[in-house]
Every structure is written in structure tokens, then in C-alpha cells.
Amino acid sequence: MKIRSVIPLILLLFVVSTSATAQDSTRQCSAMPDYLTEVDFIIDHIENEYISGRRGLSDEEWNRRVDMIYKKVKTCKDNYEYWSALRYIGLLIQDRHFQFPRSGVYNAAGFFQETDVILPLQIQSWRDGSVYNVIDYTSTIPQYAQIISVNGVSAQEAALLNRSLDYGEELSAMPIINSLLEKDPRYWCHFSNYFFFEQIKSPYEIEYIERGSSDLKRVTIEGRTRGYIVKEHKKLKLIDYLGYKAVEYKKVEDSIGVLTINMFWGRNFFEMLVLNSDFRYPRQLKRAMRRVKRDDIKELIIDIRANAGGMGDNIAKTLSYFTDSTLHYTESARVTDSNRIFIQEHAYLSHRAKGKEEKERVYKAIGDMKDGAIFDVDSLLKIESVKIKKKHKNKYKGNVYILTSNYTYSAAQIFAQKFQRLNIGLVAGQPCGGYSAITSGNAYTKRLPFTGWIPLNIPISTHNPGNTYEYETVDIPIDQKFDDWLVGNDNTLNDFINLIKSNQFNKH
């Protein structure tokens with residue numbers, strides 16, 4: 001299923017029109033040569049240093065987006081406007097592992113201030129970009145009302161543009177922004193910050209339509225400070241995602257169980273940083289699979305809808321409970337003169353090398369490669385595949401399914417790929433949010449020549465390099481209905497359980 005990544009013409013016109021007022025002052029900006037040199041630098045690294053240069057974009061689309069970036073930058077009158085414009089670089093990035101600019105970097109660097117007065121709304125945006133109020137911190141606009149415009153600017157067009165500027169694949173942008181970034185105005189791609197960046201200021205005239213009505217209403221509200229909104233947000237006492245276990249299990253019917261994997265990592269920073277291993281995740285998985293066997297589960301659903309990734313080693317450890325097959329795990333990396341030492345010394349290579357002699361061989365081989373060369377990491381280390389040998393006494397023998405969503409990403413998506421390609425079971429739900437060719441979280445940092453406070457972290461490798469820049473398909477599509485989504489209900493799991501109970505699928 002190929003989904004073309006194209007920004008509608010209306011968004012292009014929208015970008016140009018919101019920038020046009022500053023064009024006359026461009027010539028007076030003495031820093032403009034520095035701005036353009038830095039943008040040249042960034043674009044060159046995205047295209048030529050990054051393992052997935054022009055990722056998912058046709059030449060025509062790439063060039064159109066590059067033009068949009070330069071048009072935006074050339075309107076900047078000062079550093080403040082230029083730093084605001086740098087988020088348009090996201091138009092060229094379709095990869096959540098290539099975070100530029102990082103979600104919280106503007107806040108961390110002091111660009112955002114607690115005293116900034118911003119649009120006092122928390123919103124959520126549907127697939128078509130339509131915007132709905134979740135919280136109005138002035139208690140004026142009803143919850144779930146559709147926001148039509150803010151100070152004459154189309155809310156839908158602003159949301160779609162913000163989504164396109166997000167560095168992830170566009171299929172993943174909607175759930176990531178809605179579930180995480182729109183909850184905190186310290187993230188740059190928060191809806192309110194679009195208006196902040198474009199200097200559309202308080203008071204805000206809002207056009208909206210209440211849920212269940214067709215009447216367009218208008219109201220003017222005053223902004224609130226960023227610090228006030230953050231403080232009020234914390235009062236909501238929302239569940240901290242880090243409080244969840246990596247692996248959870250629940251029996252939901254006599255013979256149906258749900259194994260929820262929230263992340264392929266046990267969240268022990270000491271083990272990861274010092275030991276380069278993860279012992280907590282396997283322990284949690286082992287306990288869960290013991291309960292699955294004890295409950296005599298015949299139909300097991302592995303729910304990874306909220307799983308955004310983790311450690312690759314845990315993929316094979318998890319699959320080993322469901323198959324004896326050989327797991328082919330390929331990864332390719334690009335060596336450049338800029339990242340050569342990083343790759344030679346990085347743990348993701350050195351910890352795989354066995355003994356001093358092999359480490360020296362790998363180090364020298366990478367050192368001898370030409371600038372820009374792409375090599376197969378696993379072939380270099382002679383571990384082209386991983387044989388799943390461990391015979392778990394709690395190995396699962398019944399029917400097994402995976403439930404995915406557009407939020408599913410990185411290691412979780414690789415897990416779903418292997419599960420499907422090894423014919424272990426069926427994949428249900430929504431397609432994963434990333435392209436089939438999945439980059440690694442391993443990245444090296446380049447310092448920008450002018451704006452040193454925004455890091456350029458460039459992924460160096462990709463998994464399954466033969467795969468294309470297309471989204472995966474699912475065997476059993478289960479979509480979330482708009483009315484459920486609007487009020488925060490997700491019945492996907494219950495819908496799937498009912499399908500299983502009605503004997504919709506062949507036994508495996």
C-alpha cells in the first residue's frame with residue numbers, strides 16, 4: 001500500500017502568503033548569508049549524509065519542499081524569525097529517528113519562556129486536519145467544538161501544516177501529536193505554538209461550531225502564559241506513560257488473553273547505559289508468558305498499539321516464545337568522513353564483535369571504507385541471521401495475533417514485520433506509522449555552523465534496507481471511528497476480541 005507524501009497546494013499557498021509581508025525587509029537582514037549557508041548545510045546532510053536521504057519523497061516533491069523552505073527563510077528579518085523558520089526543515093524528514101528540531105529544544109534553549117502569552121487551547125486534530133477543542137483554559141469554548149479559524153487563519157490548514165513540519169512519517173504524525181505533543185505547550189509543534197511562531201498574537205478571535213450543531217459562532221478570548229497552561233495541565237494528573245510496565249498480561253475471556261507490550265525495553269537506564277543490556281524486559285516477559293500458559297490461553301493478542309520502540313535485542317527474545325524459525329536481521333550503515341569515528345567506536349558495533357581481534361578488524365574495515373560507502377553491518381560481523389534456539393517451557397502453541405496502530409514504531413514495527421513475514425499469525429488494527437525501511441535510533445550529532453543550540457542528529461543505519469518507503473499493510477483492518485476518537489474512546493481491542501469470538505479467522 002503506497003501512500004504518497006504530498007503537501008496539498010493550498011498548504012504551499014498558505015506558507016507563502018503568511019511569509020509575504022516580510023519580503024521587503026529581507027534585503028536589510030545582514031545575517032541572511034549565514035541563514036542561507038546554514039540551510040544549505042542542513043539540506044546537504046539530510047540528502048547525502050543521512051542513510052535515507054530524500055526518504056519517501058520523489059525528486060519533484062523534494063525540490064518543491066526545498067523551495068518552500070528557502071522562501072520561508074528569505075522572509076526572516078532577524079535571528080528570532082530565522083530560528084522559528086528552521087522548523088520548516090521537517091518538510092524534508094520522514095523519520096521519527098531524525099528529530100530536527102527536537103520536540104522540546106525551543107523550550108530547553110530558552111526560546112520559549114514561561115511568560116509567553118499563547119493561544120490557550122489544547123486541541124486534537126482528525127485525519128483531514130479538522131481541529132477540535134479538548135481544553136479551553138479560559139472556559140469559554142465548549143469541549144469537542146470544532147475550531148474553524150483563529151484570527152482569520154484556517155485552523156485546519158494550520159494543523160495540516162504543523163503535521164507536515166513534524167519530522168516523522170505523516171502517518172505517524174497525527175497520533176504522536178495528538179497523544180503526546182498537544183498536551184504540553186513546551187513542544188514546538190503544539191497547535192498554539194504555530195500561532196506563536198507566526199506572531200499571531202492575543203486577543204484571539206475564534207470561529208467554532210459546537211458538537212451536534214451547524215451554527216458558526218465567534219468569540220474573542222485572551223491568551224494565557226505558557227507557564228500557566230503547563231501548571232494547569234499538571235493538575236489534570238494524567239497517567240505518566242513511564243509508570244507502565246513494559247509487559248502486561250490480562251485474561252479477558254475463558255480462552256482469550258491480551259499480552260500488552262508497551263515498549264521493547266524495561267526502562268532501566270543503568271542496564272542500558274552501563275551494561276548495554278536489558279534484563280528487566282525479559283523477566284517481565286517470562287512472568288507474563290508463564291501466566292499465559294497457566295491460564296491455558298488458546299487465542300493470544302499481542303497489543304503493541306502504544307509501543308513506539310525499544311531495544312532490538314528484545315525482538316528475538318519475544319519471538320522465541322512463538323517460533324523456532326531463523327530470524328534474519330539485517331542492518332546497513334553509511335560511512336562518511338563526518339561519522340566514521342562515531343561508527344568505529346559506537347557500542348552497537350563494538351558490543352557485537354567477539355574479542356579484541358575481531359573488534360580491531362571491524363575498526364580497520366570501517367576506517368578503510370570510502371566516504372559515503374554503505375555496508376551491511378551483520379555481514380561485516382558475520383552474524384547475518386539469528387537462530388532462535390531457546391526452547392522455552394512456556395512456549396506458546398495456540399493462535400496468536402498482533403494488534404498495531406499508526407503510533408506503533410521503530411522496534412515495535414520491526415517486531416510486527418518479523419511476526420508477519422515468519423507467518424506466526426495475523427496482524428490486525430491500523431498499519432504501523434513508519435515506512436517499511438526502518439532506520440535505527442543510532443545517530444551522530446553535527447553542530448550547525450550558525451545555530452549551535454539546535455542539534456542535527458543524523459541516523460546512520462537502516463533495518464531491512466531492501467524494503468521500500470511504503471507503509472505496511474495489516475491482515476485484518478480495524479479502524480477507529482471518528483465519534484469514538486473525538487471523545488477519547490478506543491474500542492479497537494474490544495472489536496477485535498469480538499471478531500475472534502465469532503470465529504472469523506482460520507486456525508493456525
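What you are looking at is a predicted structure, and each value in this text was computed from that prediction instead of being measured.
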Answer yes if the ring centres of [X] and [Y] are under 6.0 angstrom apart, and no otherwise.
X: Y321; Y: Y396; answer: no
X: Y106; Y: W453; answer: yes
X: H97; Y: Y409; answer: yes

From D313, N314, T318, residue fulfilling side-chain hydrogen bond (donor to acceptor under 3.5 Å, both in side chains) relative to Y281: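 So, applying the side-chain hydrogen bond (donor to acceptor under 3.5 Å, both in side chains) to Y281 and each of D313, N314, T318, only T318 qualifies.
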Heavy-atom closest contact (G429 atom, V474 atom, distance):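 So the minimum-distance heavy-atom pair works out to O-CG2, 3.5 Å.
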Classify the ring geometry between [X] and [Y] as parallel (under 30°), tilted (30 to 60°) or perpendicular (over 60°).
X: F322; Y: F419; value: perpendicular
X: Y80; Y: F111; value: parallel
X: W485; Y: W126; value: tilted

Trace of the salt bridge (Lys or Arg N to Asp or Glu O under 4.0 Å) decision for K250 with D303: CA-CA 11 Å; K250 182 178 181 180; D303 188 350; over 6 Å; no
Residue pair D371, R340: steps toward the salt bridge (Lys or Arg N to Asp or Glu O under 4.0 Å) verdict: CA-CA 9 Å; D371 180 39; R340 191 182 305 276; 5.0 Å; no
Cation-pi geometry met for R186 and F112 (6.0 Å, 45°):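 That pair does not qualify as a cation-pi contact.
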Quiz item: cation-pi between R334 and F375, 6.0 Å / 45°: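 No; the conditions do not both hold, so R334 does not lie above the ring face of F375.
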